[in-house]
Amino acid sequence: MAPALTTVPARLSRIIGTLALGIGLGTAFVTPASAAPAPTSEGVTVTSAQSVAADYPCYGVSTSGATSCFQPYGEHLYTCDSAADGHHPGTWYRINGGSWHNVQYNLGNGYCADLNLSIGESGYIDIQACNYEGSTELNCSGIRRVSANG
């Protein structure tokens, strides 16, 4: 059987498609930090700081450049970047007096990472907001205990 001949329009269409894919991937890696960030990892979504406490109260702590708050309804832990300082926010947290966990996100000023937790109604969470330069803690808030029951 003879090989199929590719027409010029079909070949041109494949070249354009390949170029578009390459350009799309290239811009994904050079998007400026001021653009809305993408989801950071599984189970974590990114939202604007204005939408965090829109429907339910969020009990939090703040330090220069970072805010952390816990929303008992749905057990959401928010870590927010609150300054255009080139640093990134993090949250130390522990559930029911267990081990401390640290999450850090490269978000951009005005954005929050939403970590959806599972805490029983009689439980609690301790939270602390910190601002980081790389892996170095620059400053941290005090620790706040919030009941999972609100």
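The basis for the numbers below is simple: all heavy atoms, side chains too, and nothing from hydrogens, waters or symmetry mates.
Taking CD1 from Ile127 and OG1 from Thr79, the interatomic distance works out to 8.5 Å, rounded to the nearest 0.5 Å. How far CD of Glu75 is from CD1 of Ile95: 9.0 Å, rounded to the nearest 0.5 Å. Atom CG of Asn109 sits about 12.5 Å away from atom NE2 of His87, to the nearest 0.5 Å. If you take SG on Cys112 and OH on Tyr105, they are separated by 11.0 Å, rounding to the nearest 0.5 Å.
Remark: side-chain polar atoms of His88 are not paired, donor with acceptor, to backbone N or O of Leu107 under 3.5 angstrom. Although no hydrogens or angles enter the test, the distance criterion places no donor-acceptor pair under 3.5 Å between the side chain of Asp114 and the main chain of Val46. No donor-acceptor distance shorter than 3.5 angstrom exists from the side chain of Asn96 to the backbone of Gly98, with no hydrogens or angles considered. Asp126 contributes no side-chain N or O that, together with a main-chain N or O of Gln128, makes up a donor-acceptor pair within less than 3.5 Å. The main-chain N or O of Ala129 is never found under 3.5 Å from a side-chain atom of Thr63 such that the two would form a donor-acceptor pair.
Taking Ile, Leu, Val, Met, Phe, Trp and Tyr as members and joining any whose side-chain heavy atoms lie under 4.5 Å apart, directly or through other members, Tyr124 forms no hydrophobic cluster with any other residue.
The minimum heavy-atom distance linking Ser147 with Pro72 is given by the pair O-CG, 3.6 Å. Heavy-atom minimum distance, Ala83 versus Gly65: CB-CA, 3.7 Å. Across every non-hydrogen atom of Pro89 and Cys80, the tightest pair is CB-O, 3.4 Å.
A heavy-atom distance below 4.5 Å is not found between the side chains of Phe70 and His76. Residues Arg94 and Trp100 have side chains in contact (heavy-atom distance under 4.5 Å, counting atoms from C-beta outward). Using a 4.5 Å heavy-atom cutoff, the side chains of Thr67 and Tyr78 are not in contact. Looking at Tyr93 and Ile125, their side chains come closer than 4.5 Å, going by heavy atoms from C-beta outward.
At a threshold of 4.5 Å between side-chain heavy atoms, the hydrophobic network of Ile, Leu, Val, Met, Phe, Trp and Tyr places Ile143 and Val61 in two separate groups. Tyr111 and Leu77 fall within a single hydrophobic cluster, where Ile, Leu, Val, Met, Phe, Trp and Tyr are joined by side-chain heavy atoms under 4.5 Å apart, directly or via other members. Hydrophobic clustering of Ile, Leu, Val, Met, Phe, Trp and Tyr side chains at less than 4.5 Å, counting indirect connections, unites Val103 with Ile119.
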Notebook entry, point to check: Yes or no on disulfide (SG to SG under 2.5 Å) for Cys130 and Cys140, after CA distance, side-chain angles and deciding distance?
Noted result: CA-CA 4 Å; Cys130 296; Cys140 292; 2.1 Å; yes

Notebook entry, point to check: Can Asn102 and Gln104 be said to form a side chain to side chain donor-acceptor pair (under 3.5 Å), step by step?
Noted result: CA-CA 7 Å; Asn102 181 256; Gln104 298 177 33; 2.8 Å; yes

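Remark: the Asn131 side chain and the Asp85 side chain contain an N/O donor-acceptor pair separated by less than 3.5 Å.
Note on ring orientation: taking the six-membered ring where Trp is involved, the planes of Tyr73 and Tyr56 are parallel (angle under 30°, cut-offs 30° and 60°).
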